[in-house]
Amino acid sequence: MSLAESMDEPRLPISARASAAAPYLQGLNPEQRAAVEALDGPVLVLAGAGTGKTRVLTTRLAHLLSTGRAKSWQVLAVTFTNKAAREMRERVEHLMGPGAGGIQWLGTFHSTSAQMLRRHAELAGLKSSFTILDTDDQIRLLKQIIEAEGIDEKRWTARAMAGAIDGWKNRALTPARVPKGDAHVWGDGRAIAVYAAYQERLKILNACDFGDLLLHMTDIFQKHPDLLAEYHRKLPYIMVDEYQDTNVAQYLWLRLLAQGTNNLCVVGDDDQSIYGWRGAEVDNILRFERDFPGAKVVRLERNYRSTGNILAAASKLIDHNTGRLGKTLWTQDEPGERVKVRGVWDGEVEARLIGDDIEQWVQSGTPALKRTHSDCAVLVRAAWQMRAFEERFLMLRIPYKVIGGPRFFERAEVRDAHAYLRLIRSEEDDLAFERVINQPKRGLAEATLKKLHAEAGQRTPAFNTAEPLFDLLTGEVSDIPEGEITASTRFRSLAAAARHLVQGDTLPLKARTALRGFLNDLDRWRAQSRQVTHVELAEIVLDESGYTEMLRNDKSPTAQTRLENLKELVQAMGQFDTLAAYLEHVELVLDIEAGGDGDEVHLSTLHAAKGLEWPLVFLPGWEETVFPSQRAIDESGVKGLEEERRLAYVGITRGRESVRISFAANRQIYGRWQSVLPSRFVDELPEANVDAISETGYGRPGSFGGVGESGSRFESLAPGAGFSSGYESPGWKRAQDRIGGDRPFSRPPIIDGEARLVTRTGPTDAVFAVGVRVFHDKFGYGRIRAVEGNKLTVAFEKAGEKKVIDSFVKAA
DNA sequence: AGCCCTGTCCTTTTT
DNA sequence: GGACAGGGCT
């Protein structure tokens with residue numbers, strides 16, 4: 001009998017107790033309530049999109065706590081993203097009142113495991129202050145190893161190796177356990193050796209990568225049953241969100257932790273498994289009942305989010321997948337608007353159309369029925385597709401926010417700043433040292449770094465003989481012979497090597513002086529760090545290192561943003577008491593919300609949109625090779641395709657009232673124009689729930705028209721304007737058949753660099769008449785006020801109170 | 001050492 | 001259209 005059970009006193013039946021005093025249970029449907037109240041033993045909650053999954057999880061957590069079943073430190077609640085964890089915490093607090101959010105073990109797999117590993121680091125051969133490497137560090141480290149092994153870095157990239165290592169770690173494979181067959185995925189069979197060398201380097205650097213956070217803990221639990229038992233006692237209740245996305249490593253970790261009481265509740269939806277490429281095994285959820293015998297299964301099928309048409313479209317689409325657990329989502333909502341599917345000429349038109357739709361949506365709001373920018377989301381398959389929309393929104397001055405865009409803490413300038421701080425904390429942080437030694441430029445580039453590495457690699461008297469011995473050439477690590485106090489062969493840190501080299505004359509005088517200056521700076525900052533606050537320290541370092549100055553002198557358009565990012569960083573640091581506290585939490589947990597007034601269109605990848613919802617959702621880029629991604633199909637065949645389809649399902653089910661899918665006939669891929677075919681997913685949508693429209697037909701009202709082969713700065717929005725070059729792509733032909741567009745399209749617009757030129761020839765000249773509404777790439781919409789020979793005077797709507805702000809010269 | 005030019009290969013998706 | 005590497009030049 002487990003400890004948790006033995007502590008259980010006799011109680012009233014759960015249902016009786018709950019209905020007596022549990023306001024938070026009110027409004028749950030019977031299935032939801034069943035899921036919330038099943039507190040003992042394994043529980044699998046199959047929760048379709050929009051069925052109140054998060055509500056069930058948070059209510060269940062609240063129920064556990066408020067019935068006194070568990071204390072707030074006795075529940076382990078695991079999510080996949082920090083965002084989900086934060087939301088859960090907030091919602092529990094909302095249910096139970098302030099203070100209830102203080103659940104100690106609520107976080108992502110990685111952050112909770114890191115939390116554990118910090119306590120038992122020594123059992124994995126680490127110090128508890130270990131650093132967590134992100135992809136960037138990982139690749140830099142691998143580059144060094146690959147170079148040291150004499151492998152051609154051109155042919156076998158560090159990035160590919162990092163991918164292989166991640167893959168193995170996702171499957172919980174240590175170097176020794178990697179199947180022989182896998183060795184040849186990279187480097188002519190040397191992959192495993194590199195992997196092993198990498199692991200040794202990590203240990204010496206006192207570092208972990210993401211995968212290690214889980215693997216080290218799993219390993220510790222397996223080797224120390226007593227410790228595991230302690231965790232079983234400490235954490236009798238476990239809950240997992242998005243179970244369909246767990247990989248082998250996470251599964252093993254979880255199973256070890258759950259095996260004490262078996263009070264494990266997992267929530268997931270096999271139709272929303274979209275992380276197969278990250279090693280997620282849908283199998284984990286399909287197998288749950290076998291893995292945990294006696295598991296109770298609850299299905300949530302009533303959808304509270306989307307209208308009938310949206311739900312029907314999504315369900316029919318996902319029906320094309322095989323091997324599903326299967327469920328039938330239903331709603332009591334109205335059928336509502338049908339899903340719109342639109343064929344457009346190219347990505348630019350698509351962005352324009354969506355921008356217009358959003359403006360229209362917002363304008364159509366009334367005081368009674370508010371319609372805001374934040375009601376709208378644009379969800380794309382890959383991050384590069386966002387740029388077109390960002391450009392468009394900037395131009396139209398539509399406020400927007402990128403969800404999960406380039407992570408704040410992965411930005412170069414932020415990482416540089418961190419490297420400085422890490423270096424001040426510990427001079428032995430070689431990765432940090434390397435990152436900033438020549439950033440800003442100090443004349444300490446490759447040549448110097450090479451000499452530093454050589455010096456650091458010398459067998460030199462150690463300053464820490466307690467460390468294992470590491471030989472870079474053979475990659476071998478040996479333990480220090482017991483009882484023998486000797487000079488160790490441990491490497492010096494780069495900083496230590498630098499201190500040595502500035503004394504001698506190996507380095508040219510210039511480099512020596514620069515290096516000495518750098519080391520002096522470090523020493524000074526380290527001394528100061530004891531007197532000033534960490535926030536002040538950051539400011540001093542950024543200033544005195546010349547980093548801020550470097551950015552100020554940088555003429556590139558991104559420099560300004562980068563400076564602002566640094567300001568945000570300094571602000572974020574203020575939320576922590578000490579530098580150590582800040583650095584410890586930063587890599588995994590913190591997520592800075594970009595400032596803004598909150599009324600912003602959301603721009604996101606489909607992956608990052610999981611778990612979110614909006615009244616109006618745009619799904620652009622539904623073209624073969626883009627979505628479904630060609631690469632997914634090439635790499636994983638039918639499995640890959642089905643995952644893409646689940647992604648489409650996730651996309652559609654984000655919409656509450658209106659879903660607008662679009663595909664272009666032409667798209668720029670790698671900067672080259674390509675004609676593309678509509679996605680097969682378009683064909684798979686049920687006709688009855690879909691409106692197919694062409695917004696682009698020549699001469700139709702609302703046509704964009706007016707874009708000719710000769711190129712143009714303007715396009716007319718006047719009905720009937722525009723002409724065709726007669727160019728037809730195969731993609732368009734197919735789109736035309738389906739959608740019933742009646743005219744061919746013109747070529748993609750060719751935009752010249754000069755903002756003031758109008759280069760237009762041909763029949764569309766007629767549109768330049770007083771009163772015609774035009775569009776300009778820089779200034780947005782406007783109306784022609786005067787036409788005088790080659791000059792147009794235009795009043796723009798956005799660029800300053802409808803005044804005449806510019807005149808335009810039409811090129812000959 | 002560092003800048004600028006050119007050519008090559010790309011880009012899914014995230015902790 | 002962009003990141004990055006190699007070569008040639010200052």
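All values reported here derive from a predicted model rather than from experimental measurement. Below, chains carry the letters A, B, ... as their sequence lines are ordered, and counting in each starts from 1.
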Exercise: do A:Tyr243 and A:Asn284 side chains pair donor with acceptor under 3.5 Å: no
Are the charged groups of A:Asp209 and A:Lys169 less than 4.0 angstrom apart, N to O? yes
Atom pair distance, as rounded to whole Å: CD1 in A:Ile139 and P in B:dT11: 10 Å
Using the ring of A:Tyr649 (Phe, Tyr or Trp, six-membered ring only), decide whether A:Arg646 places NZ or CZ under 6.0 Å from its centre and within 45 degrees of its axis. no
Is any side-chain N or O of A:Asn438 closer than 4.0 Å to OP1 or OP2 of B:dG2? yes
Is there a donor in the side chain of A:Glu623 and an acceptor in the side chain of A:Ser679, or the other way round, less than 3.5 Å apart? no
Under 3.5 Å, side chain of A:Glu635 to main-chain N/O of A:Gly640, donor-acceptor pair present? no
Please report the distance, rounded to the nearest Å, between CG in A:Asn170 and C1' in B:dT14. 10 Å
Tell me the interatomic distance from A:Arg387, atom CZ, to C:dG2, atom P, rounded to whole angstroms. 6 Å
Compare the ring of A:Trp277 with the six-membered ring in the base of B:dT13 and state whether they stack (centres under 5.5 Å, planes under 30°). yes
Using a heavy-atom cut-off of under 4.0 Å over every strand shown, decide if A:Tyr275 touches base, sugar-phosphate, or nothing. sugar-phosphate
Under a 3.5 Å threshold, yes or no: a donor from one side chain and an acceptor from the other, between A:Glu281 and A:Gln244? no
Can the ring centres of A:Phe518 and A:Phe433 be said to be less than 6.0 Å apart? yes
With pairs defined as Watson-Crick or G-U wobble and both distances under 3.5 angstrom, please note down DNA chain B as a dot-bracket string, | for pairing with another strand. |||||||||......
Does A:Lys143 put a side-chain nitrogen or oxygen below 4.0 Å from OP1 or OP2 of C:dA5? yes
Do the side-chain N and O atoms of A:Arg255 and A:Tyr251 include a donor-acceptor pair separated by under 3.5 angstrom? yes
Without decimals, in angstroms, what is the distance between A:Trp384 CH2 and B:dC10 P? 16 Å
Within residues 512-521 of chain A, the residues having a heavy atom closer than 4.0 Å to DNA chain B are none
Output yes when A:Arg140 and A:Glu434 qualify as a salt bridge under the 4.0 Å nitrogen-oxygen rule, no when they do not. no
